Structures are given as C-alpha cells and as structure tokens.
Amino acid sequence: MIDIKGVHKSFGAHHVLQGVNMKIAKGESMVIIGGSGTGKSVLLKCILGLETPDAGSILVYGQEADQGDRDAFLARFGMLFQGAALFDSLPVWQNVAFRLLRGAGKLSKTDARDLAVEKLRRVGLRADVADKFPAELSGGMQKRVGLARAIAADPEIIFFDEPTTGLDPIMSGVINELIREIVVEMGATAMTITHDMSSVRAIADKVAMLHDGAVQWSGPIAKLETSGNPYLDQFLHGRAEGPIEAVR
Amino acid sequence: MQLIERSLGAIGAATLGFCTTIGRVILFALRATSHIFRPPFYGRELAQQLMQIGYFSLPVVGLTALFTGAALALQIYSGGARFNAEAVVPSIVAIGMVRELGPVLGGLMVAGRVASSIAAELGTMRVTEQIDALTTLSTNPMKYLVAPRLAAATLAMPVLVAVGDTIGIMGGYLVGTNRLGFNASAYVQNTTDFLQFQDIASGLAKAAVFGFIVALMGCYHGYNSGRGAAGVGRATINAVVSASVMILAANYILTEAFF
Ligand SMILES: Nc1ncnc2c1ncn2[C@@H]1O[C@H](COP(=O)(O)OP(=O)(O)O)[C@@H](O)[C@H]1O
Ligand SMILES: [Mg+2]
C-alpha cells in the first residue's frame with residue numbers, strides 16, 4: 001500500500017537517502033531501525049510530502065504525495081514527531097484534539113475535550129494533564145501527548161518516530177502494547193522508528209534496517225536473529241566492530 | 001587577472017542570490033495574501049494577533065510619538081525663530097507628525113517589537129517541527145500562522161499610528177504651551193486649521209503598508225528559519241533589519257507617490 005522506490009534525498013553535499021526501496025502492506029506494522037543520522041526521520045517526512053525527494057517515487061494507495069487532494073491525503077495519516085512537536089501556545093487537550101476541533105467532521109468543544117482526555121488515558125496520562133501547557137510537562141510526557149495527538153482522529157496510517165525514547169521501561173512497555181493494539185484492533189498500518197530492541201520485538205511484523213542511505217536488510221520479525229546480515233547482526237548485538245563504522 | 005575574475009564572480013553570485021531572495025519574498029507574499037481572502041478563516045487567531053500586534057504595541061508607539069512631538073516643537077521653534085516664523089510651530093508639528101514621523105517612527109518601533117517576535121515564534125515552530133506538525137494535521141500553516149499575522153498587522157498599524165499622531169501632537173502642544181509661551185487655544189486652532197484630510201490619509205496609508213512589511217518580514221524569515229537556536233537568532237535579526245530598511249525605502253516611494 002505504501003510503495004517506496006529508489007528514493008534519493010540530499011541536503012547540499014550531504015547524501016542522506018541514496019536509493020531506498022520499501023513496501024508496506026495494509027495493516028502491517030513495519031519497524032525501521034538504523035543508526036542515528038541515517039535518514040529514518042527524513043524518510044517518513046518524504047512519505048508525508050514534508051520533504052520532496054530528489055529522485056524516486058513514493059506511492060500511497062497508488063497515489064503520489066503531491067498529486068490530487070492534499071487534504072484527503074493527509075487526513076489518512078497520523079504522525080508522532082521525534083521531538084513531539086506540540087503547539088506550545090495551546091493547552092494539552094487542544095493539542096490532542098487539534099484536528100477534531102476544525103475542518104470537516106468538526107466536533108463540539110466538550111466532545112473534543114472528552115475524546116482528548118480518553119486518548120490521554122490510553123497513553124498513560126491523567127486527566128489533570130489536559131489543561132496544562134506543553135512546556136509544563138517532562139519530555140516523556142510530551143512524547144506521550146504527541147502520541148495521543150497522532151492517534152486522536154483514528155488515522156489509517158500512523159508513523160511513530162521514536163515513540164519510546166525518553167520513557168522509563170514500564171511506560172515503554174505500555175506504549176509498545178498501545179501501538180500493537182492500534183495495529184491489531186483498528187487495522188491501522190504503522191511505521192515505527194526505534195532504537196529500542198524490546199520495542200522492535202513487541203511492535204514489528206516486519207523490520208527494515210537503514211544504513212548508508214539504503215535498506216540493508218528487511219524481512220519478517222521471525223527472521224531477525226537468523227538473517228546472517230552483517231549490518232543487522234552488528235546493530236542487534238551492539239558491537240563496535242563490523243561493517244558499520246563507529247567514528248571515534 | 002584571477003583576482004578580477006574572482007571578485008566579479010563573487011559580485012555575480014551575490015546579485016543572483018539577492019534576486020532569488022526578492023523573488024522568494026514576492027511569491028511568499030502573494031501566497032500568504034491569497035490565503036487571507038480564501039476560507040477557512042481562523043478568526044480566533046486573527047483576534048489574538050490583533051491584540052499581540054496592535055494593542056500591546058500601544059505603549060511603545062505612544063511614548064515614541066510623545067517625545068518625538070515634544071522635540072519637534074522645540075526644533076521647529078528654534079528653526080522658525082531665524083525667520084521670525086515661530087508661529088508655524090503648531091501646524092508644522094502636526095503636519096510633520098501625521099505625514100512622516102508618526103508612521104515612520106511608529107513603523108520602526110513596531111518593526112523592532114513585532115517583526116522580531118513573529119520571526120522568533122515562527123522560527124521556533126519551524127525548528128521544533130511544529131510547522132510540519134500543522135501540515136500533518138491538515139492545517140495549512142500559511143493560512144493558520146502567516147495570513148492572520150499579515151492581516152492583523154495591516155489593520156492594526158493605521159490605528160496605532162492614528163493614536164500615535166494624536167499623542168505626538170499633544171507632546172508638541174505641551175511643550176508649546178508650557179515652555180514656548182504659546183496660547184493654548186491658539187495652538188489648537190492653528191493645528192486644526194492647517195491640517196488637511198490628505199495629510200492624515202497619506203500617513204495612515206503609509207502605516208498600513210509598513211504594518212504589512214513588518215509582518216511579512218517576520219513571517220518570511222521565521223517560516224524559512226535555519227536549523228537550531230542559531231537559525232532562529234539569524235531569522236530574528238534578518239527580520240528586524242530587513243523590515244526597517246524596507247520601511248524606510250517604502251516611505252520614500254510612498255512620499256513621492258503622495259507628493
Ligand atoms: N532540513 C534539513 N536540512 C539539512 N540537513 C538535514 C535536514 N533534515 C535532516 N538533515 C540531515 O539528514 C540526516 C538524517 O537525519 P534524520 O532523518 O533526522 O536522522 P535519523 O535517522 O536519526 O532520524 C542528518 O545528518 C541530518 O543532519
Ligand atoms: Mg530521527
């Protein structure tokens with residue numbers, strides 16, 4: 001359903017993506033792993049049309065991001081940004097309910113607020129957080145508000161950029177379960193970026209490893225340990241020696 | 001020879017860069033302006049910006065005008081005394097304030113206060129991906145962030161300047177009556193007699209243009225801010241500097257047009 005073919009993206013002389021190929025089927029949970037700075041976040045932004053690839057094509061339901069009705073295209077997506085990207089001029093509940101408060105299918109204020117509180121509960125936040133401002137929350141709490149915002153409108157396709165970074169192990173477990181639930185119960189398609197191997201095992205149907213601007217390995221979660229791919233093995237076992245150079 | 005070649009190359013590159021920037025700003029302005037007139041409209045954001053840009057700038061603009069009017073009265077008196085023309089003080093203070101100093105100084109003060117705050121706010125939103133987040137939530141950032149600021153500044157600035165003009169004339173009146181020995185009612189009479197509708201209208205038209213420039217520069221530089229805190233800092237400086245220079249340039253052009 002998401003079909004990425006030969007995507008290239010450079011920033012000046014910095015070639016971040018150099019021919020990424022990836023296919024994600026409907027209702028599938030794809031996890032992308034790879035060192036920091038390998039362009040995982042940039043890839044998600046290319047799919048959403050927030051960055052324009054220099055070459056290659058990205059089709060979502062057979063449609064390019066910049067073709068056709070952009071509003072309808074974006075209405076299908078939910079996105080959790082790596083830095084949460086909450087609107088700091090709005091209280092938490094208005095952040096979560098941002099999409100529900102405007103546009104077609106707009107809810108009344110009280111309904112939107114109730115829904116926001118319910119979504120906050122699902123990410124492990126109490127109702128009293130709803131009236132706070134993002135700046136009053138810790139990094140991990142902001143991340144979870146961002147997660148609540150991403151799932152608030154029950155999107156078909158959800159992107160999670162490092163959903164458990166900055167969370168304690170117990171809360172990570174809660175979030176992993178939540179993402180799994182969203183995929184299984186709501187039938188959503190998910191793409192998750194993570195460095196956390198316990199998340200990978202909890203969330204993924206399929207895993208793709210990004211390095212040097214391309215997918216070095218991809219396959220079902222069951223084959224993760226027995227891939228025989230030197231890049232993947234080095235990453236899984238956290239070794240300093242291997243094909244991935246750790247510059248010191 | 002090589003030196004000439006290299007410096008010519010540098011001048012050429014700078015010229016090209018300058019032209020591209022102008023083109024980008026014009027496109028940005030056209031796109032943003034078109035969003036002001038097309039639905040959906042964000043009334044709450046517009047009201048908020050009217051408060052931020054208009055209401056909260058009143059003290060700065062008022063104080064600037066008060067002291068400028070007062071100083072102007074003294075200067076015109078000392079200049080006028082050389083031709084035995086002290087009596088022109090009230091009318092020249094009024095004309096000078098309304099046609100030139102009210103809009104220009106008000107515009108520059110608002111450039112310092114508002115262009116910087118818009119650039120810093122939008123720049124931070126760009127850097128922390130809030131602008132990207134808006135897009136993914138099906139909200140056009142041009143419409144939601146830029147259009148209300150442009151509209152608010154263009155609407156608020158003439159009102160601000162009208163208030164500033166009045167306060168500036170009052171500053172001249174205070175100095176004129178208390179320090180220069182003018183008769184109070186004669187001062188007021190003289191002010192109103194010589195002030196024409198065209199003076200006021202041209203000053204307020206200038207103010208609207210300056211308001212637009214201030215918001216446009218703040219939004220353009222903030223929206224296209226570079227990465228990190230340094231990027232936001234640069235955006236803020238560029239917004240204030242370019243808004244100020246553009247206000248002065250536009251002032252000359254408009255003054256020629258209304259001449
Ligand atoms: N807007 C941008 N301008 C310049 N460089 C960028 C931009 N966005 C990302 N990069 C660079 O692209 C590389 C990949 O970034 P990113 O996708 O965020 O990495 P990660 O895989 O850790 O998510 C980084 O080196 C980053 O500096
Ligand atoms: Mg990233």
Side-chain angles (χ1 to χ4, degrees), chain A residues 11-12 14 41-42 44-51 65-66 69-90 94-106 109 134-135 139 142 145-147 149-153 155 157-162, chain B residues 13 17 20 24 31 34-35 38-53 56 117-149 152 218-219 222-229 231-232:
Chain A
F11 295 100
H14 185 183
S41 300
V42 169
L44 291 193
K45 287 187 190 167
C46 286
I47 301 174
L48 288 166
L50 297 172
E51 301 274 7
D66 56 357
D69 185 352
R70 183 116 175 93
D71 280 345
F73 177 86
L74 286 167
R76 292 202 164 117
F77 286 92
M79 163 98 184
L80 165 64
F81 284 85
Q82 191 169 346
L86 302 180
F87 306 125
D88 32 37
S89 58
L90 300 177
Q94 287 191 26
N95 263 281
V96 175
F98 192 88
R99 183 175 240 147
L100 311 167
L101 285 168
R102 51 209 95 214
K106 174 173 152 177
K109 252 193 163 155
Q142 292 183 8
V145 174
L147 187 60
R149 183 175 71 184
I151 61 173
I157 309 165
I158 318 186
F159 293 167
F160 304 102
D161 198 342
E162 305 196 8
Chain B
T20 344
R24 285 218 191 97
R31 216 147 61 88
S34 79
H35 280 297
R38 280 185 292 152
F41 303 108
Y42 295 107
R44 234 171 59 94
E45 273 64 35
L46 178 64
Q48 253 171 17
Q49 292 308 320
L50 280 171
M51 280 303 272
Q52 282 291 334
I53 297 173
F56 291 128
S117 91
I118 292 180
E121 189 181 3
L122 295 201
T124 306
M125 292 187 76
R126 164 63 71 199
V127 169
T128 57
E129 301 182 318
Q130 291 178 50
I131 293 186
D132 285 340
L134 272 178
T135 308
T136 64
L137 293 167
S138 304
T139 301
N140 188 330
M142 277 297 221
K143 203 180 262 314
Y144 182 77
L145 295 174
V146 178
R149 284 169 173 76
C219 290
Y223 198 84
N224 296 303
S225 163
R227 311 182 80 204
V232 178

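Just so we're on the same page: letters track the sequence lines, and every chain starts at 1. This one's a predicted model, so the numbers in the text were calculated from it and none came from an experiment. Every heavy atom of this structure was used, including side-chain atoms; hydrogens, water molecules and symmetry mates were not.
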**Study point:** Rounded distance (nearest 0.5 Å) linking atom CZ of A:Phe81 with atom OG1 of B:Thr128
**Key:** 10.0 Å

Check your understanding: What is the distance from atom CG of A:Leu74 to atom CG of B:Leu137, rounded to the nearest 0.5 Å?
Key -> 9.0 Å

Point to revise | Which residues share a side chain to side chain donor-acceptor pair (under 3.5 Å) with B:Asp132, sequence neighbours left out | key: none

**Study point:** Contacts of type side chain to side chain donor-acceptor pair (under 3.5 Å), residue B:Glu121, not counting sequence neighbours
**Key:** B:Arg149

Exercise: identify the closest heavy-atom pair between [X] and [Y]:
{"X": "A:Leu86", "Y": "B:Gln130", "answer": "O-CD, 3.1 Å"}
{"X": "A:Gln82", "Y": "B:Glu129", "answer": "N-OE1, 4.2 Å"}
{"X": "A:Ala85", "Y": "B:Ala133", "answer": "O-CB, 3.8 Å"}

Review point. Checking ring pair (Phe, Tyr, Trp, His ring centres under 6.0 Å) for the pair A:Phe98/B:Tyr144: CA distance, chi angles, key distance, verdict?
Key: CA-CA 12 Å; A:Phe98 192 88; B:Tyr144 182 77; 5.6 Å; yes

Point to revise | side-chain contact (heavy atoms from CB on, under 4.5 Å) assessment of B:Thr135 paired with A:Arg70 | key: CA-CA 10 Å; B:Thr135 308; A:Arg70 183 116 175 93; 3.9 Å; yes

Check your understanding: Does a sphere of radius 6.0 Å around CZ in B:Arg31 hold more than 12 heavy atoms from other residues, nucleotides or ligands, not counting ones at 6.0 Å or beyond?
Key -> no

Point to revise | chain A contact via B:Thr139 - which portion, at a heavy-atom distance below 4.5 Å | key: side chain

Point to revise | B:Ile131 versus chain A, the contacting section by heavy-atom distance below 4.5 Å | key: neither

Point to revise | Side-chain heavy-atom pair B:Pro40, A:Arg102 within 4.5 angstrom cut-off | key: no

Check your understanding: Of all of A:Phe77, A:Phe159, A:Phe87, which one pairs up most often with chain B through heavy atoms under 4.5 Å apart?
Key -> A:Phe87

